[in-house]
**Q** 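Okay, handing you the structure first.
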Amino acid sequence: MNERDSEIIYSLMIHKGYIPVKLYEDADVIIFNTCAVRRHAEDRVWGKLNELKGLKAKKARLVSGFMPTDVADRGVIIGLVGCMGKAYGKEVFKRLPHVDFVCGPSNIYDIPVLVEKASSGRRNVCSIARGSRSLDREKCSKGFARSLYLYREDNVSSFVNISYGCNNFCSYCIVPYVRGREVSRPREAIIEEVKYLVDKGIKEVTFLGQNVNSYKFPDRGSAAGKNDFVRLLEAVNNVSGLERIRFMTSHPKDANTGLFKAIAGLDKVCEHLHLPLQSGSDRILRLMNRGYTSGRYLKLIDDMRMIAPGCAITTDIIVGFPSESEEDFEHTRDIIDRIGFDSAFIFKYSPRPFTKSLEMDDDVPMQVKRRRNQDLLDLQAKKARENNARFIGNIENALGISPAKRPPDSSGDVSDCYIKARTRKNHQIVCKADRSLIGRVFDVKITGVQGNTLIGDMV
Ligand code: SAH
Ligand code: SF4
């Protein structure tokens with residue numbers, strides 16, 4: 001979601017006439033788009049911003065020709081935006097007086113105006129008011145909506161927001177406080193955006209929402225159906241020229257067999273489900289306010305495997321939640337072992353501002369969190385190796401994404417071309433294939449595995 005927000009920020013600035021540069025030294029404006037989900041990411045942002053104090057002073061000196069007494073004299077405009085912006089607001093200026101503006105994730109459309117204000121000498125410019133991203137964007141002209149795609153990370157695959165914010169209030173999670181309550185975008189706006197992207201050559205879209213399964217057609221009010229997300233998938237499946245549809249994140253309390261049938265039955269919907277488990281202990285799941293038990297999760301996986309056999313499943317896990325015992329941890333370990341996820345993000349719990357779990361004692365010592373984290377990483381690596389080995393010899397459908405380097409122990413001619421591609425199950429694959437296949441789908445025979453990357457030849 002942050003990656004898509006960063007593309008929007010780039011696009012807004014390009015629309016205003018700015019151009020992206022690679023080095024801080026060359027920039028007139030430096031914007032940090034931040035995540036507040038875990039403490040570690042935040043600490044890195046504070047560190048990076050602190051490092052820019054010197055650059056700002058140097059640039060201000062260059063601009064004004066004298067040594068400023070106040071490093072906030074212009075030279076380079078520095079902004080902290082995104083979830084940390086919303087979480088810390090004006091406190092940022094107290095901690096780091098050389099930051100010029102702060103803005104929350106719901107206010108990123110204001111950034112060009114904030115930059116203008118800061119450039120004209122206004123101090124401590126802050127825009128964090130709205131709780132949830134306003135749908136102003138939908139009311140804007142088509143031209144404006146399109147200008148939000150002036151910058152894209154790649155020209156084959158694109159993120160598309162379908163909802164903003166979250167209503168679930170998992171006890172450890174800052175998202176509902178910084179991104180606000182859940183708001184779904186109108187179906188027409190989403191379809192129009194997908195068509196526009198397909199027109200521009202995009203072949204794959206990934207729908208983004210904190211909980212895509214609770215997507216509701218906003219125009220239907222209380223008549224909104226339980227499976228509006230599946231209806232949306234059905235509608236977008238009809239967009240001609242589009243090859244693939246992905247989505248994240250699904251929440252186990254709301255995912256159901258209707259969704260699995262859509263994965264199995266709609267030809268463009270890819271066979272990959274990201275379904276965060278968080279913990280295998282029912283006691284911890286209750287404390288996390290997740291709204292399901294490990295039994296329900298396992299039943300969902302069984303249903304999924306029955307309805308859409310071969311579908312890849314990935315997950316998120318938190319270790320060291322307050323009061324997590326060895327026994328609780330073993331339940332998580334056991335489920336990872338039983339399910340054999342294709343991949344898993346494994347995080348060490350960190351207490352976050354505003355959240356319910358902040359009131360709980362963060363009583364699992366750091367070395368225990370580290371050990372549990374490493375233990376699960378090792379187990380998951382073993383499971384992924386086993387899963388990947390099963391692909392060798394298979395023919396998989398791939399979408400060419402970008403040029404790639406020759407894999408280290410590949411056979412064949414040194415002049416062979418390689419490209420990076422993605423299977424429908426979301427595995428990265430490097431294959432011997434002509435660069436003209438970037439942006440196209442084709443079949444690949446899997447010949448090997450290197451780390452988490454499959455190696456293959458076009459067939
Ligand atoms: N909406 C998604 C993702 C939310 S944030 C979902 O419900 O799964 C991404 C992941 O960060 C979460 O799935 C969780 O595993 C992790 N996370 C969130 N808050 C955390 C915290 N306080 N400490 C450690 N990990 C956390
Ligand atoms: Fe956070 Fe839970 Fe919402 Fe995901 S579902 S964003 S973990 S509150």
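We count ligands from 1, going down the list as the structure has it; atoms in each ligand are counted the same way.
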**Q** Mark yes or no: R352 above the aromatic ring of Y172, with NZ or CZ under 6.0 Å from the six-membered ring centre and no more than 45 degrees from the axis.
**A** no
**Q** Can you pull out the closest protein heavy atom to atom 22 (N) of ligand 1? Residue, atom name and distance to 0.1 Å, please.
**A** S350 O, 2.8 Å
**Q** How long is the straight-line distance from CD of Q428 back to CD of Q450, given to the nearest 0.5 Å?
**A** 11.5 Å
**Q** Could you find the nearest protein heavy atom to atom 8 (O) of ligand 1 and give me its residue, atom name and distance?
**A** P276 CG, 3.1 Å
**Q** Should R179 be listed as contacting ligand 2, given a heavy-atom distance under 4.0 Å as the test?
**A** no
**Q** If you count the atoms of ligand 1 from 1 in the order shown, which ones are under 4.0 Å from a heavy atom of Y349?
**A** 23 (N), 24 (C)
**Q** Quick one: nearest non-hydrogen protein atom to atom 15 (O) of ligand 1, plus distance?
**A** Q278 OE1, 2.7 Å
**Q** Give a yes or no on whether R371 atom CZ has more than 12 heavy-atom contacts from other residues, nucleotides or ligands under 6.0 Å away.
**A** yes
**Q** Can you pull out the closest protein heavy atom to atom 6 (C) of ligand 1? Residue, atom name and distance to 0.1 Å, please.
**A** T249 CG2, 4.0 Å
**Q** For the pair S294 (side chain) and S281 (backbone), establish whether a donor and an acceptor sit closer than 3.5 Å, ignoring hydrogens and angles.
**A** no
**Q** For the CZ atom on F345, are there more than 12 heavy atoms of other groups (residues, nucleotides or ligands in this structure) within a distance under 6.0 Å?
**A** no
**Q** Tell me the contacting part of F347 for ligand 1: side chain, backbone, both, or neither, using a 4.0 Å heavy-atom threshold, strictly below.
**A** side chain
**Q** At a 4.0 Å threshold, what atoms of ligand 2 neighbour a non-hydrogen atom of H251?
**A** 5 (S)
**Q** Check step by step if side chain to side chain contact (heavy atoms under 4.5 Å, CB included) holds for K48 and Y24.
**A** CA-CA 11 Å; K48 281 263 174 218; Y24 289 139; 3.7 Å; yes
**Q** Have a look at R352, K253, H274, Q210 and point out the one with the heavy atom closest to atom 3 (C) of ligand 1.
**A** Q210
**Q** Specify the protein heavy atom at minimum distance from atom 9 (C) of ligand 1: its residue, its atom name, and the distance to 0.1 Å.
**A** D316 OD2, 3.8 Å
**Q** Heavy-atom contact under 4.0 Å between V37 and ligand 1?
**A** yes
**Q** One pair to check against side chain to side chain contact (heavy atoms under 4.5 Å, CB included): Q380 and I346. What are the steps and the verdict?
**A** CA-CA 9 Å; Q380 179 50 39; I346 298 160; 4.2 Å; yes
**Q** Take every heavy atom of R290, measure it against each atom of ligand 1, and state whether any distance is under 4.0 Å.
**A** yes
**Q** Can you pull out the closest protein heavy atom to atom 26 (C) of ligand 1? Residue, atom name and distance to 0.1 Å, please.
**A** I318 CD1, 3.7 Å
**Q** Test Y18 against Y10 for ring pair (Phe, Tyr, Trp, His ring centres under 6.0 Å), laying out the working first.
**A** CA-CA 9 Å; Y18 286 84; Y10 267 117; over 10 Å; no
**Q** Is it possible for you to check whether R95 lies under 6.0 Å from the centre of the six-membered ring of Y88, through NZ or CZ, and within 45° of that ring's axis?
**A** yes
**Q** To check your reading of the model: name the closest protein heavy atom to atom 19 (N) of ligand 1, its residue, and the distance in Å.
**A** Y172 CD1, 3.2 Å
**Q** Between M1 and Y164, does the side chain to side chain contact (heavy atoms under 4.5 Å, CB included) criterion hold? Intermediate values first, please.
**A** CA-CA 9 Å; M1 206 157 269; Y164 306 112; 5.8 Å; no
**Q** Apply salt bridge (charged side-chain N to carboxylate O under 4.0 Å, His left out) to R4 and E7, showing your working.
**A** CA-CA 5 Å; R4 176 64 199 130; E7 285 183 344; 2.8 Å; yes
**Q** Report the protein N/O/S neighbours of atom 1 (Fe) of ligand 2 that fall below 2.8 Å; do not count waters.
**A** C173 SG
**Q** Are any side-chain N or O atoms of D100 and backbone N or O atoms of A118, one a donor and one an acceptor, separated by less than 3.5 Å?
**A** no
**Q** Decide if the gap between the ring center of Y215 and the ring center of F207 is smaller than 6.0 angstrom.
**A** no
**Q** Under the criterion side chain to side chain contact (heavy atoms under 4.5 Å, CB included), I'd like the reasoning laid out for S250 against L273: C-alpha separation, chi angles, the key distance, then a yes or no.
**A** CA-CA 7 Å; S250 292; L273 181 71; 3.6 Å; yes
**Q** Counting only nitrogen or oxygen atoms and a 3.5 angstrom limit, does R38 reach ligand 1?
**A** yes
**Q** Heavy atom under 4.0 Å from ligand 1: found in K348's side chain, backbone, both, or neither?
**A** backbone
